[in-house]
There are 2 protein chains.
Amino acid sequence: MTDQKLRTILQEHGLKATYQRMAVLEYLVTHKTHPTAEMIHEDLSNISLATVYNTLDKLIETGLIIAIDIHDDGKRHFDYYGEPHYHVINQQTSEIIDADNFDMAPLFEAARKASGLTITGYHIEVYGVKSENP
Amino acid sequence: MTDQKLRTILQEHGLKATYQRMAVLEYLVTHKTHPTAEMIHEDLSNISLATVYNTLDKLIETGLIIAIDIHDDGKRHFDYYGEPHYHVINQQTSEIIDADNFDMAPLFEAARKASGLTITGYHIEVYGVKSENP
DNA sequence: CCCCCTTATTAGAACTATTCTAATATATAT
DNA sequence: ATATATATTAGAATAGTTCTAATAAGGGGG
Ligand SMILES: [Mn+2]
Ligand SMILES: [Mn+2]
Ligand SMILES: [Zn+2]
Ligand SMILES: [Zn+2]
């Protein structure tokens with residue numbers, strides 16, 4: 001993804017386009033893993049850990065990324081959320097699989113009915129184990 | 001809920017029925033809030049915080065309860081999960097509303113197709129804000 | 001292009017939710 | 001009742017995250 005595109009995304013979301021923010025955003029856009037702050041900091045070796053955390057907070061506020069808490073390792077994982085999707089988590093391996101093959105509109109409508117709120121988004125994790133008879 | 005019932009639930013899930021576990025389980029069954037470990041510890045004043053954490057871990061392993069991470073306060077919240085349900089979270093107040101008016105079977109099927117796993121459960125949080133024109 | 005001012009970055013310290021330790025107590029099967 | 005594996009506990013330790021306050025840099029207006 002080009003620097004100009006990253007700059008535009010950040011500015012359209014009301015964020016100053018700093019070198020550090022472009023790097024963190026590009027990292028999340030281009031990695032299919034769901035890294036922790038520490039992993040991002042290790043890979044982007046000239047950006048401080050505090051800035052990684054600050055940037056992740058800003059990107060979450062804009063909705064560009066989400067945080068996923070894997071209770072397995074006590075660390076927060078981050079995920080580019082340009083296209084909303086849900087996660088299937090293998091309980092045996094902690095592998096996180098991205099999936100978007102389900103229309104959440106009916107769930108939104110149910111949630112609106114149940115709460116009276118205007119629904120703005122969702123975080124869905126479905127858990128599974130390796131099939132016995134594949 | 002009677003002591004004998006709590007004892008039975010714990011033993012049926014392979015856990016020794018200690019006084020402390022019965023108290024924590026009863027606390028979660030009878031409270032509609034989604035408390036943190038510290039809240040439980042404060043209310044059950046003769047049970048150590050370590051035991052509250054140990055018990056919560058055991059109850060999660062059995063599936064009797066789940067943990068919910070509210071990124072608002074950095075603390076893990078716990079929830080009796082005797083009947084699976086999903087949560088609608090008010091982003092303005094952090095209020096957590098329980099809801100079960102949606103059949104998750106189609107989502108399970110989609111998740112199975114996407115991952116090849118046998119689905120065992122889900123954690124769903126839907127976010128919303130107060131409606132403008134109620 | 002150049003200020004200016006607001007906002008961002010940084011290293012390191014601080015915080016605190018959670019986990020660990022290892023000594024004591026208890027549940028449950030026999 | 002006894003034995004034994006398991007649970008509880010206080011307090012220490014850990015580590016992920018947040019805070020501090022000094023420095024740097026973005027970007028709008030001139
Ligand atoms: Mn991703
Ligand atoms: Mn509940
Ligand atoms: Zn994802
Ligand atoms: Zn609930």
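Note that the structure is a prediction, hence the values are computed from the model and not measured. Heavy-atom basis, side chains included; hydrogens, waters and symmetry copies ignored.
At whole-Å resolution of the value, CD1 in B:I70 and P in C:dA17 are 15 Å apart. Rounded to whole angstrom, the span from the CG atom of A:N46 across to the P atom of C:dA8 amounts to 19 Å. For the pair B:L10 CG and D:dT6 P, the computed distance is 17 Å after rounding to whole Å. B:L56 has its CG atom 15 Å from the P atom of D:dA7, to the nearest Å. Between the CD1 atom of B:I60 and the P atom of C:dT18 there is a distance of 10 Å, rounded to whole Å. The interatomic distance linking A:Y19 (OH) with C:dT9 (P) rounds to 12 Å, in whole Å. Atom CG in B:L15 sits about 15 Å away from atom C1' in D:dT8, given to the nearest Å. Rounded to whole Å, atom C1' of C:dT9 lies 14 Å from atom CE of A:M22.
Enclosure of atom CD in B:Q92 by more than 12 non-hydrogen atoms of other residues, nucleotides or ligands within 6.0 angstrom is indicated.
One finds no side-chain N or O of B:T18 lying less than 4.0 angstrom from the OP1 or OP2 phosphate oxygen of C:dT26. For the pair A:R21 and C:dT9, the criterion of a side-chain N or O lying under 4.0 Å from OP1 or OP2 is met. For D:dG26, neither phosphate oxygen OP1 nor OP2 lies less than 4.0 angstrom from any side-chain nitrogen or oxygen of A:Q11.
Side chains of B:P35 and B:D43 form no contact here, defined as non-hydrogen atoms less than 4.5 Å apart. By the 4.5 Å heavy-atom criterion applied to side chains, B:T8 and B:Q11 are not counted as neighbours. The shortest distance between side-chain heavy atoms of B:L56 and B:V24 falls below 4.5 Å.
In this structure, the ring of A:H123 has its center no less than 6.0 angstrom from the ring center of A:H87. Ring pair A:Y122/A:F108: centre-to-centre distance below 6.0 Å.
Between C:dT10, D:dT8, D:dA10, one nucleotide has an atom nearer to the side chain of A:S48 than all others, and that is C:dT10. Of the candidate nucleotides C:dT9, D:dT9, C:dA8, C:dT9 has the atom lying nearest to any side-chain atom of A:N54. Listed candidates were D:dG26, C:dT28, D:dG27. Nearest to the side chain of B:A17 is C:dT28. Comparing C:dT28, D:dT8, C:dT9 by their closest approach to the side chain of B:Q20 singles out D:dT8. Residue B:R7 has its side chain nearest to C:dT28 when only D:dG27, C:dT28, C:dT9 are considered.
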Taking N or O atoms only and anything under 3.5 Å, show me the protein contacts with nucleotides 16-18 of chain D, one pair per line.
unit_1	atom_1	unit_2	atom_2	d
D:dT17	OP1	A:R76	N	3.1
D:dT17	OP2	A:Y53	OH	2.6
D:dT17	O5'	A:Y53	OH	3.3

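Positionally, the nearest nucleotide of DNA chain C for A:K16 lies more toward the 5' end than for the other of B:K16 and A:K16.
A donor-acceptor distance shorter than 3.5 angstrom exists from the side chain of B:Y86 to the backbone of A:A111, with no hydrogens or angles considered.
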